[in-house]
Enquirer: 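Below is a structure I'd like to ask you about.
Chain A is the first sequence line, chain B the second, and so forth, proteins listed ahead of strands; every chain is numbered from 1.
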Amino acid sequence: MAEYNSLERIRLQKVDELRAEGVEPYPTRAKRTHTSAQAIAEFEKDETKEVKVTLAGRVRSMRPKGKLCFAHIEDGDGKIQLFLRVNEVGEERLAFFNKMFDLGDFMEATGTMMRTKAGEASLQVLDFTLLAKSISPLPADKDVTQEDGTVVRYASLDDAELRARQRYADLAVNPEVRETFRKRAKLIKSLRDFLDGQGFLEVETPVLQPLYGGAAARPFVTHHNELEQDMYLRISFELYLKRLLVGNLEKVYEIGKDFRNEGVSFKHNPEFTQLEFYWAYADYLQVMELTEQMVVHAVEQVTGSTKIRYGEHEIEFKPPWRRLEMRQGILETSGIDIAEHRTAEALLKAIKEKQPKAAPDPKATRGKLVDFLLSEFLEPTLIQPTFLYNYPRDISPLAKSIPGDPLTVERFEGYVAGFELCNAFTELNDPLDQESRFLEMGRDYEADDEEKHPLDEDYLRAMRYGMPPNGGFGMGVDRLAMLVTNKQSIRDVLLFPALRKEE
RNA sequence: GGGCGCGUAGCUCAAUGGUAGAGCAGCGGCCUUUUAAGCCGUUUGUUGAGGGUUCGAUCCCCUCCGCGCUCACCA
C-alpha cells in the first residue's frame, strides 16, 4: 500500500472533491484536434483568421493573476501557453481551475488562438476539462531564459539514480531526455534502412538458447520447466546467424538484445542492443568498407552531419576511416613489436622490459597479452574512427587465419572516442579447424571457467554441410547511440538501465 | 568483488556534538497580459536503515542498504 506525503494527500483530497462535484478526474476519452505545434503553425499562417482548436497536455506552469490566469501545457510537440479570463470562462470556472488543477495534471482546453501582449502565441481558453489528475508532484522544473539567451534551470531533476529508476519522471520533466530517445530510435531505423537497402534480410534468432556461444562472456542461466532443461539467454547472435548462411541465406542481420552476466560500467549494461550481420562471399576488408558507409549514414541521418561533438572531441565519420594494423599500433604506442615475440613467455618478458609499470596477468596467453597491450596503450589513443586489424588467433576462435600467418586472423575492430564500437572478421568456415579451435579454447581455460566456450556440436554439424566463405560483423548499438547523443554513460541511452532492486 | 565519495523537506541545496534552514513546489489571501509573475501570511522532515560512543548524534565510530566515480572483470 502506497504511503502518501502531505502534498499527495492534498491532491487525493481534490480527487474526492472532484468526484463529489460530479467531475470525473480520469475521464475515458480525450477530444484533441491539434498538437501545440500544429495549432501555432496554423495560427501563424494568418493571424487574422480565427483558429479554433482543442489542445491536450500536461500542466507545466500556472500563473494565476486575479481575474485571469496563464498556464503552460506540454504535449509531445512542445509547450503552449493557455490564457484563461473570467470574460470567457466565468468566475466560477476560473476559480475551479485555480483550486483543483495542479502542475502535472493532464488537461484539455478548447479555445481560439491569440497573441498575448508579451507576444506569445497562446490559446484563449473557452472551455477546459481535466484528463488525468496527477497525485504525486513531478520533480519541479523551471527553465528561465535570461536576457542574454542562456537558459538557467531551477530545481530540476538531476539525481542520477532517481532519473534512471524513475525514467518516466525524468522524461516528463526533461525534454532533452525525450530527444535523446528519439535520436536513438532514429539511429536504429537508419541502420536497418541501410542494411535493407544493401539487400540484407532481417531475421530473428532465439534469445533463449540451449547452449550459448559466439562470444566470451558469462551467460544468464534459466530453466524451462516442461522441457526439464537449463536454458541460457544469448550472449551473441553469431552462431545462429551463421547457421543461416549454411541454409543459403546470403546476407542476414539481426538487431536485438544480448545478455552478459558481467560487470556494469559506463559502457556496459547486462542487457544491451547488438547489431550483427553476416555476408556470404565477402571478407573482412569488404566488411570494413560497408561498416564505415553504414555508420556514417546513421550518424548523418541522426545528427544531420558526418561530424559530431563527443565530450571534448570532434569526431569525423566520413570514410575512409583510418586503417591501422594492430601490430603497428601497439608498436607505436608501447614500443613492443608483437611479431618479434611469438610466445606468451617472450611477450611477457618484453612487456616487463619496455613497460615496467604495466601489470599484465602473468598467466595470460599470448593473445590475452596482446589484448592487454591494446587496451592499455593503443585504445585510449583511438579517438577518430579507426579500424584496427589483424588480431591474434588465440583470442579469436571464430575467425579465419591470414593465409601464411597461422598466429594472426583476419579480424578488425572499429574504435571511436577511445572505445570499441564494433568487431568483425572473415569468418571461419572450415568445420575441422573450427572443432580444433573449440578444443584449443577449452584447454586455455580452467574447467570451471564460466567464460569457457562450450562445444556447440549442432553448429559444427551445420558447418559440415558447407558454409560459404563470409564476413561477419557485430556492433554495440548503445555505444553508437552514446556517440550520436553525446552521452558519456550507456545508462543515459537506455530507457531502463539495470539497477539494483529497491528495498 | 576492491578503492574513493555521496545519501538532509516533493525538487535543488545549506548547516551544526545541543533533534535542522533557504529557494522552488504546497496551503490561505490580494492582483485583468503573465511567463522564475509579484506582494502578504503560512505548513512541511524517522537528516537512507540499524547499532555503538556520549548527558546529548544529523554530525564521531561500526554494520547494512542504495547510488556515483574508479579499478578489476568484459574477444
Enquirer: A:Ile490 CD1 to B:rC74 C1': how many Å, rounded?
Expert: 12 Å
Enquirer: Between B:rG45 and B:rG7, how far apart are the C1' atoms? Round to whole Å, please.
Expert: 15 Å
Enquirer: Check the pair A:Gln274 / A:Glu238 against side-chain contact (heavy atoms from CB on, under 4.5 Å), numbers first and verdict last.
Expert: CA-CA 11 Å; A:Gln274 178 91 290; A:Glu238 173 145 4; over 6 Å; no
Enquirer: Please report, rounded to the nearest Å, how far the C1' atom of B:rA9 is from the CZ atom of A:Arg9.
Expert: 13 Å
Enquirer: For RNA chain B, what residues of residues 369-377 of chain A have any heavy atom nearer than 4.0 Å?
Expert: none
Enquirer: Please state how far atom CG in A:Asn261 lies from atom P in B:rG1, giving the value in whole angstrom units.
Expert: 12 Å
Enquirer: Distance check needed: B:rC11 P versus A:Tyr168 OH, whole Å only.
Expert: 13 Å
Enquirer: Taking the six-membered ring of A:Tyr391, is the NZ or CZ of A:Arg411 close enough (under 6.0 Å from the centre) and on axis enough (within 45°)?
Expert: yes
Enquirer: Are there any protein N/O atoms within less than 3.5 Å of an N/O atom in nucleotides 41-46 of chain B, and if so, which ones and at what distance?
Expert:
none

Enquirer: If you measure only the distance, is there a donor-acceptor pair under 3.5 Å linking the side chains of A:Glu8 and A:Ser136?
Expert: yes
Enquirer: For B:rC27 versus B:rA37, give the span between their P atoms, rounded off to a whole number of Å.
Expert: 15 Å
Enquirer: Short question: side chain of A:Arg437, backbone of A:Ser396 - any donor-acceptor pair under 3.5 Å?
Expert: yes
Enquirer: Applying a 3.5 Å limit to both distances, which nucleotide forms a Watson-Crick or G-U wobble pair with B:rA57?
Expert: none
Enquirer: Answer with yes or no whether the side chains of A:Glu413 and A:Tyr415 bring together a donor and an acceptor at under 3.5 Å.
Expert: yes
Enquirer: With P as the reference atom in both, quote the distance from B:rC59 to B:rC71 in angstrom, rounded to an integer.
Expert: 32 Å
Enquirer: Could you measure the distance from the NE2 atom of A:His268 to the CD atom of A:Glu262? Nearest 0.5 Å is fine.
Expert: 7.5 Å
Enquirer: Do A:Phe220 and A:Tyr232 have ring centres separated by under 6.0 Å?
Expert: no
Enquirer: Determine which nucleotide pairs with B:rC24, using a 3.5 Å limit on both distances of a Watson-Crick or G-U wobble pair.
Expert: B:rG10
Enquirer: Partner of B:rU44 by Watson-Crick or G-U wobble geometry, both contacts under 3.5 Å, or none?
Expert: none
Enquirer: Assign the ring pair A:Phe473 / A:Phe277 to parallel, tilted or perpendicular, where the plane angle (0 to 90°) is split at 30° and 60°.
Expert: parallel
Enquirer: Looking at every strand, decide which applies to A:Arg260 at a 4.0 Å heavy-atom threshold: base, sugar-phosphate, or nothing.
Expert: nothing
Enquirer: Donor-acceptor pair, A:Asn470 side chain versus A:Trp279 backbone, under 3.5 Å?
Expert: no
Enquirer: Are A:Gln124 and A:Arg115 close enough that a side-chain donor and a side-chain acceptor fall under 3.5 Å?
Expert: no
Enquirer: Is the CD atom of A:Glu21 crowded by more than 12 outside heavy atoms at less than 6.0 Å?
Expert: yes
Enquirer: Using Watson-Crick or G-U wobble geometry with both distances under 3.5 Å, which nucleotide pairs with B:rC67?
Expert: B:rG5
Enquirer: If you measure from the P atom in B:rC64 to the same atom in B:rC74, how many Å do you get, rounded?
Expert: 27 Å
Enquirer: Please give the distance between the P atoms of B:rA14 and B:rC73 as a whole number of Å.
Expert: 36 Å
Enquirer: Taking side-chain hydrogen bond (donor to acceptor under 3.5 Å, both in side chains) as the test, write out the residues that go with A:Thr205, two or more places apart.
Expert: A:Arg234, A:Glu254
Enquirer: Scan nucleotides 3-8 of chain B against the protein and return all N/O pairs shorter than 3.5 Å with their distances rounded to 0.1 Å.
Expert:
none

Enquirer: If you measure from the P atom in B:rU8 to the same atom in B:rU46, how many Å do you get, rounded?
Expert: 11 Å
Enquirer: In whole angstroms, how far is the P atom of B:rC74 from the CZ atom of A:Phe272?
Expert: 14 Å
Enquirer: Determine which nucleotide pairs with B:rA37, using a 3.5 Å limit on both distances of a Watson-Crick or G-U wobble pair.
Expert: none
Enquirer: On a whole-Å scale, what distance lies between the C1' atoms belonging to B:rU16 and B:rG10?
Expert: 25 Å
Enquirer: Can a cation-pi geometry be assigned to A:Arg93 and A:Phe128, taking NZ or CZ under 6.0 Å from the six-membered ring centre and within 45° of the ring axis?
Expert: yes
Enquirer: Taking CZ from A:Phe419 and P from B:rA75, how many angstroms apart are they, rounded to a whole number?
Expert: 17 Å
Enquirer: Determine yes or no for a side-chain-to-main-chain donor-acceptor pair under 3.5 angstrom, with A:Thr291 supplying the side chain and A:Val287 the backbone.
Expert: yes
Enquirer: Starting at CZ of A:Phe473 and ending at C1' of B:rA75, how long is that distance when rounded to a whole Å?
Expert: 15 Å
Enquirer: So A:Phe412 and A:Phe387, would you call those rings parallel, tilted or perpendicular, with 30° and 60° as cut-offs?
Expert: perpendicular
Enquirer: Can you list everything that forms a side-chain hydrogen bond (donor to acceptor under 3.5 Å, both in side chains) with A:Gln209? Sequence neighbours excluded, please.
Expert: none
Enquirer: Say we look at B:rA15 and B:rA20: how far apart would their C1' atoms be, to the nearest angstrom?
Expert: 7 Å
Enquirer: Whole-Å distance between B:rA72 P and A:Lys267 NZ?
Expert: 10 Å
Enquirer: Going 5' to 3' along nucleotides 27-34 of chain B, which nucleotides have protein heavy atoms under 4.0 Å from the base (write B), which only from the sugar-phosphate (write S), and which from neither (write -)?
Expert: S---BBBB
